[in-house]
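Let me begin by presenting the structure, written as structure tokens, before commenting on it.
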Amino acid sequence: FFFVMSADEFTYEQHLWDGMKAVTDRFLEGKKTVNEMSKFLESRASVEADTAKKIQALVSKPPSTTEAASLGFSWLAFRNCNDEQAKSRNVLADVYKKTASELAAFKKEITKQYEQHVSNVNNLSRDLDKGRSAVKRAMTMYHQKTEAAENALITYEKAQQDPTFTHNKLAKLNTTSTKLRKDAENADNSYQSQLQEFQQFQVKYEDCMKEILRDFQAMEERRVNKLKDVMDMIVTAQQNLLTEYAKQEEEFKDAASKINGLEDIQNFISINKTGLQPPKPTEYEPYKGKHEQFKKKSIPVAVAVTTRAEPAPTSVSPATIVEKRNSAPAKQELKAKALYEYHAADQTELSFAVGDIIKVTKQDASGWWEGENKGKFGMFPGNYVELIQADDGKKRCLVKFEFTASSSDELTIRVGETITIDTEASGWYSGTNDRGESGLFPANYVEVQ
């Protein structure tokens, strides 16, 4: 399975850094879904097979009547219909049994991958903590040793200016100062070596964690698509049942046909999206003392932090969003009243206060709308406002499910669109979208504002 990502999609690697708990919780919830579906299909297979067996046993009994002509033919046709119904149930039972077995095997496979990843994450986190502690200990030792050497040198220099100190005492102070200076240098070398090793591990840690996040996303995409494949197989099998099941199965088919893997990683890095980025490498901290001999003029090359090349950003630029918004405003003017105060996070967003009337220029399925408030344009969360009924007195509705027109008098509607309702009758609305297109659409596919 190959997943092609467009420029403005979320990814685990870029948007769920340090969000491993949310990722693993998502996996476990998904695994629970796989297990529940597998058990349900296994039980349903047993029910269908048992029902088919009972129908076939009933049909296998020879009729005792010799009714002929049209009534006899109808009676025989009814028995044959029941026989075909039993066969269809057996076929359906086989599909249920097969898909249940496939899901059980799939659950076992992804569980093994999950356990390996969790083990790797725990090991990496443990090594990261150990490395960080080792660097801290080495730095503390280096600072302590250097401070002791500095104090010894200052004491020796002061003694040189004091005539009361004998030559022997001065020599002893000098020896102590020299020894402590050597100890400080050794501690500094040890600190640099420990830090360099830890910086190398940090690079490895980041690469490994990103790889694990990518694999978790791939596993989730496989899971959703696997369940969609199962749903499609069930839909195909259930379409072979007799007409009396058509209405119920149509609803199921419609639900199964709407399964979409992608629309499901971007809404997590968004809620969960953590918005975090990998931390910067730990930098060398020189000793900040009083004596010039212990003041470093530059960072040692061995532990100098270099900037790693980052992948190009995948989000659409604010200029592009503004250009699109200004060049293609909605044909049908909508207005909304602010229910809550909102402060723009950047230049592409729109601020407003409670009660402000906003001109809505775009409603996106993601939940972020675009509009104008007091001469300023920008994006804002749609759940912070409520649409105001049009001045013509007509009702408006928000599309919750996609509907594709099957005849010239019907209207194709997309999730997130706002439709003006012209008339309503028998579970259908007749309305007009913001492009001026009109037609019929199901009333239960929308939510009246």
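Because the structure is a prediction, the values reported are computed rather than measured.
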Next on the checklist: Using the rule given for side chain to side chain contact (heavy atoms under 4.5 Å, CB included), can you reason through F352 versus H343, listing the C-alpha separation, both sets of side-chain angles and the distance that settles it, and then say yes or no?
Outcome noted: CA-CA 7 Å; F352 48 78; H343 296 285; over 6 Å; no
State the [atom1]-[atom2] distance between [X] and [Y], to the nearest 0.5 angstrom.
| X | Y | atom1 | atom2 | value |
| --- | --- | --- | --- | --- |
| D25 | M20 | CG | CE | 11.5 Å |
| L41 | E36 | CG | CD | 10.5 Å |
| S177 | E157 | OG | CD | 7.5 Å |
| Y12 | D215 | OH | CG | 11.5 Å |
| E417 | D434 | CD | CG | 6.0 Å |
| K39 | L103 | NZ | CG | 11.5 Å |

Grab the two heavy atoms, one from [X] and one from [Y], that are nearest each other, plus how far apart they are.
| X | Y | value |
| --- | --- | --- |
| A237 | L92 | CB-CD1, 3.6 Å |
| A49 | A93 | N-CB, 3.8 Å |
| A138 | Q194 | CB-CB, 4.1 Å |
| L124 | C208 | CD1-CB, 3.6 Å |
| L350 | G371 | CD2-O, 3.6 Å |
| A52 | N90 | CB-OD1, 3.5 Å |

Less than 4.5 Å apart, side chain to side chain, heavy atoms only: is that true for [X] and [Y]?
| X | Y | answer |
| --- | --- | --- |
| V47 | S43 | no |
| D188 | T146 | no |
| Q160 | L170 | yes |
| V354 | L339 | no |
| N433 | L411 | yes |
| I154 | E150 | yes |
| I234 | Y96 | yes |
| W17 | E206 | yes |

If we count only N and O atoms by modelled type, under 3.5 Å, do the side chains of [X] and [Y] hold a donor and an acceptor together?
| X | Y | answer |
| --- | --- | --- |
| Q116 | N120 | yes |
| E410 | S406 | yes |
| D162 | T164 | yes |
| T418 | R396 | no |
| N189 | E185 | no |

Next on the checklist: Go through it in stages, so that I can follow the logic: the residues are Q200 and Q196, the test is side chain to side chain contact (heavy atoms under 4.5 Å, CB included), and I'd like the CA-CA distance, side-chain angles, deciding distance and then a yes or no.
Outcome noted: CA-CA 6 Å; Q200 292 172 351; Q196 184 179 25; 4.1 Å; yes
Next on the checklist: Evaluate K210 against D207 for salt bridge (Lys or Arg N to Asp or Glu O under 4.0 Å), listing each step before the verdict.
Outcome noted: CA-CA 5 Å; K210 284 184 175 181; D207 291 341; 6.0 Å; no
Sub-3.5 Å donor-acceptor pair from the side chain of [X] to the main-chain atoms of [Y], do we have one?
| X | Y | value |
| --- | --- | --- |
| E197 | S193 | no |
| N151 | A148 | no |
| T175 | A171 | yes |
| T412 | A405 | yes |
| S133 | D129 | yes |
| N373 | S351 | yes |

Checklist entry - Out of N122, D127, V121, N123, which residue meets the side chain to side chain contact (heavy atoms under 4.5 Å, CB included) rule with S125? => result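 With S125 as partner, side chain to side chain contact (heavy atoms under 4.5 Å, CB included) holds for just one option, V121.
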Using a strict threshold of under 4.0 Å (side-chain N to carboxylate O), is an ion pair present between [Y] and [X]?
| X | Y | result |
| --- | --- | --- |
| D94 | K98 | no |
| E29 | K32 | yes |
| E402 | R414 | yes |
| K376 | E372 | no |
| E42 | K97 | no |
| D50 | K54 | yes |

Checklist entry - Among R222, R223, K226, which residue meets the salt bridge (Lys or Arg N to Asp or Glu O under 4.0 Å) test with E109? => result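 When R222, R223, K226 are each tested with E109, the salt bridge (Lys or Arg N to Asp or Glu O under 4.0 Å) holds only for R222.
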Checklist entry - What do you reckon, is CE of M233 surrounded by more than 12 foreign heavy atoms closer than 6.0 Å? => result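 Yes - once you tally the heavy atoms of other residues, nucleotides and ligands closer than 6.0 Å, there are more than 12.
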Checklist entry - Which residue pairs pass the ring-ring contact (aromatic ring centres under 6.0 Å, His included) test when at least one of the two sits in residues 194-238, sequence neighbours left out? => result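 For residues 194-238, and leaving out neighbouring residues, the ring-ring contact (aromatic ring centres under 6.0 Å, His included) pairs sorted by first residue read H117-F216.
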Next on the checklist: I'd like to know whether V448 forms a side chain to side chain contact (heavy atoms under 4.5 Å, CB included) with Y429, so could you lay out the CA-CA distance, the side-chain angles of the two residues, the decisive distance to 0.1 Å, and finally the verdict.
Outcome noted: CA-CA 11 Å; V448 177; Y429 288 154; 3.7 Å; yes
Checklist entry - What is the ring orientation for Y142 with Y191, classed by angle as parallel under 30°, tilted 30 to 60°, or perpendicular over 60°? => result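 It falls in the parallel class, under 30°.
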Next on the checklist: For F441 and F403, I'd like to know if the aromatic rings sit close, meaning centre-to-centre distance below 6.0 Å.
Outcome noted: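 No - the distance between ring centres of F441 and F403 does not fall below the 6.0 Å cut-off.
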Checklist entry - Yes or no on ring-ring contact (aromatic ring centres under 6.0 Å, His included) for Y342 and F380, after CA distance, side-chain angles and deciding distance? => result CA-CA 8 Å; Y342 183 73; F380 59 92; 7.9 Å; no
Checklist entry - Where do R89 and E48 land on the salt bridge (Lys or Arg N to Asp or Glu O under 4.0 Å) test, with the steps shown first? => result CA-CA 6 Å; R89 284 182 175 272; E48 291 295 336; 2.7 Å; yes
Checklist entry - Does F27 have any ring-ring contact (aromatic ring centres under 6.0 Å, His included) partners at least two apart in sequence or in another chain, and if so, which? => result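 Scan of F27 (ring-ring contact (aromatic ring centres under 6.0 Å, His included), adjacent residues dropped) gives Y114.
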Next on the checklist: Test side chain to side chain contact (heavy atoms under 4.5 Å, CB included) on K145 and R181; report intermediate values, then the result.
Outcome noted: CA-CA 8 Å; K145 293 288 186 182; R181 184 187 185 90; over 6 Å; no
